Amino acid sequence: MATVILVRHGRTTANATGLLAGRAAGISLDQIGRDQAALTGDRLAAVPVVGVVSSPLERCQQTARLILDRQAGTLNAQVDPDLTECDYGQWQGRTLSDLATEDLWPVVQSQPSAVVFPGGESMAAMQARSVAAVRRHDAAFEAEYGPGAVWVAVSHGDIIKSILADALGMHLDLFQRINVDPASVSIVRYGASRPSVYATNTNAGDLTWLSNGTHAGDAPVGGGAGQKAP
């Protein structure tokens, strides 16, 4: 199938102050976040992506625009609510230092599959809808553009961590082992037998090898020779 580049939005004013923004309106990229997203756009400029799908929240749409501005052609970002941030309910708008005193905090750290945020969403439901969305878009892009298609999903830290956990075959309770920094790039290809994870949480490096597409058939014993640059 196609290859998805998972991009987290750049740093926001809330990230900089330790605030859990959740789905609150008006949370924008700060200057550092804009610079981060622009750098990611520069990295992806060498990759002819066939589409960009974004969370509806402003910070993701800003990041998507900075990526699209550096692509050839006239692509527009699609918006998918299933890629939006977790609904943190009553936790939204509070500082992380304050939330760390809650009884639910250690459960979020060690057993996220059991977490339902008060007045909000369960982390299991968050993973289910975001994984389903990525797989749905991936199949659609592959059907339209062929198995060599590369597309971008712009979303949020916990969303991307949960997608990567699924692709890696990890239980959701282990997903806190994965780090996803602002404006970072992770790469997954959904093959016929299993997903292949090509990168996680990268913020530098050449991506021109993606122009040749990726192969997610049988895993090469010993690791293989790697991807070839065009």
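Atom set for the values below is all heavy atoms of this structure, side chains included, hydrogens, waters and symmetry mates excluded. All values reported here derive from a predicted model rather than from experimental measurement.
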Exercise. Is Y190 linked to V53 within one hydrophobic cluster, defined over Ile, Leu, Val, Met, Phe, Trp and Tyr using a side-chain heavy-atom separation of less than 4.5 Å?
Worked result: yes

Exercise. Quick one: does I187's side chain get under 4.5 Å of V197's, heavy atoms only?
Worked result: no

Seminar exercise, completed: All heavy atoms of F175 vs all of D158, minimum pair found to be CE1-O, 3.6 Å

Exercise. Taking all atoms of both residues into account, what is the closest heavy-atom pair of Y198 and W209, and its distance?
Worked result: CB-CH2, 4.0 Å

Exercise. Do V47 and L39 belong together in a cluster built from hydrophobic side chains that touch within less than 4.5 Å?
Worked result: no

Exercise. Does L104 reach the side chain of W91, with side-chain heavy atoms less than 4.5 Å apart?
Worked result: yes

Exercise. Yes or no on side chain to side chain contact (heavy atoms under 4.5 Å, CB included) for N203 and V185, after CA distance, side-chain angles and deciding distance?
Worked result: CA-CA 6 Å; N203 54 32; V185 167; over 6 Å; no

Exercise. Heavy atoms, side chains only, cut-off 4.5 Å: are R135 and I163 in contact?
Worked result: no

Exercise. Distance-only, no hydrogens or angles: does the Q36 side chain make a donor-acceptor pair with backbone N or O of L29 under 3.5 Å?
Worked result: no

Problem set entry | Trace of the side chain to side chain contact (heavy atoms under 4.5 Å, CB included) decision for I178 with L168 | CA-CA 10 Å; I178 301 170; L168 290 164; 4.1 Å; yes

Exercise. Side-chain contact, heavy-atom cut-off 4.5 Å: V150 with V50?
Worked result: no

Exercise. Within the distance-only criterion (no hydrogens, no angle test), does the side chain of E142 pair as donor or acceptor with the backbone N or O of A2 below 3.5 angstrom?
Worked result: no

Exercise. Just by distance, do the side chain of E85 and the backbone of R23 share a donor-acceptor pair under 3.5 Å?
Worked result: no

Exercise. Do side-chain atoms of Q111 reach the backbone of D173 as a donor and acceptor pair under 3.5 angstrom?
Worked result: no

Exercise. Where do M123 and F117 land on the side chain to side chain contact (heavy atoms under 4.5 Å, CB included) test, with the steps shown first?
Worked result: CA-CA 8 Å; M123 298 194 85; F117 290 101; 3.6 Å; yes

For this session: For the residue pair Q176 and K161, confirm or rule out a side-chain donor-acceptor distance under 3.5 Å.
Result: yes

Problem set entry | Qualifying residue, where the test is side chain to side chain contact (heavy atoms under 4.5 Å, CB included) with L68 and the options are V152, V154, V52 | V52

Problem set entry | For I159 against T84, the heavy-atom pair lying closest together | CD1-O, 3.2 Å

For this session: Give a yes or no answer on whether the side chain of R70 reaches the backbone of L66 with a donor-acceptor pair at less than 3.5 Å.
Result: yes

Problem set entry | Test side chain to side chain contact (heavy atoms under 4.5 Å, CB included) applied to L164 and L6, step by step | CA-CA 9 Å; L164 288 171; L6 301 165; 4.0 Å; yes

Exercise. So, does D30 use its side chain to make a donor-acceptor pair with the main chain of G33 at under 3.5 Å?
Worked result: yes

Exercise. Under 3.5 Å, is there a donor-acceptor pair linking the side chains of S28 and E58?
Worked result: yes

For this session: Could you pull out the closest heavy-atom pair between F141 and A149, with the gap in Å?
Result: O-CB, 4.1 Å

For this session: Decide whether N179 and N201 meet the rule of one side-chain donor and one side-chain acceptor closer than 3.5 Å.
Result: no

For this session: State, with a plain yes or no, whether a side-chain heavy atom of W105 is found less than 4.5 Å away from one of V115.
Result: no

Exercise. With side chains defined as the heavy atoms from C-beta onward, is the minimum distance between L20 and R94 less than 4.5 Å?
Worked result: no

Exercise. What are the two closest non-hydrogen atoms of C86 and M126, and how far apart are they?
Worked result: CB-SD, 3.5 Å

Problem set entry | Closest contact, heavy atoms only, L83 versus S130 | CD2-O, 4.2 Å

Exercise. Strictly by modelled atom types, are H156 and S55 linked by a side-chain donor-acceptor pair under 3.5 Å?
Worked result: yes

For this session: Find out whether R43 and T202 are in side-chain contact, i.e. whether some heavy atom of one side chain is under 4.5 Å from a heavy atom of the other.
Result: yes

Exercise. Do V116 and L172 share a hydrophobic cluster (ILVMFWY, side-chain heavy atoms under 4.5 Å, transitive)?
Worked result: no

Problem set entry | Short side-chain donor-acceptor distance under 3.5 Å, D98 and T95 | no

Problem set entry | Heavy-atom donor-acceptor pair, S54 side chain to P56 backbone, under 3.5 Å | no

Exercise. Any ion pair linking D181 and R11 (charged N to carboxylate O, less than 4.0 Å)?
Worked result: no

Problem set entry | Path from L19 to V108 over hydrophobic side-chain contacts below 4.5 Å | no

Exercise. Is a side-chain donor or acceptor of T63 paired with a backbone partner of R59 at a separation under 3.5 angstrom?
Worked result: yes

For this session: May I ask you to check whether R34 and Q31 show a side-chain donor-acceptor distance below 3.5 Å?
Result: yes

Exercise. Under the 3.5 angstrom rule, does the side chain of R8 hit a backbone N or O of A183 as a donor-acceptor pair?
Worked result: no

For this session: Would you mind reporting whether W151 and I5 have side-chain heavy atoms less than 4.5 Å apart?
Result: no

Problem set entry | Exam field: side chain S196 to backbone R189, donor-acceptor pair closer than 3.5 Å | no

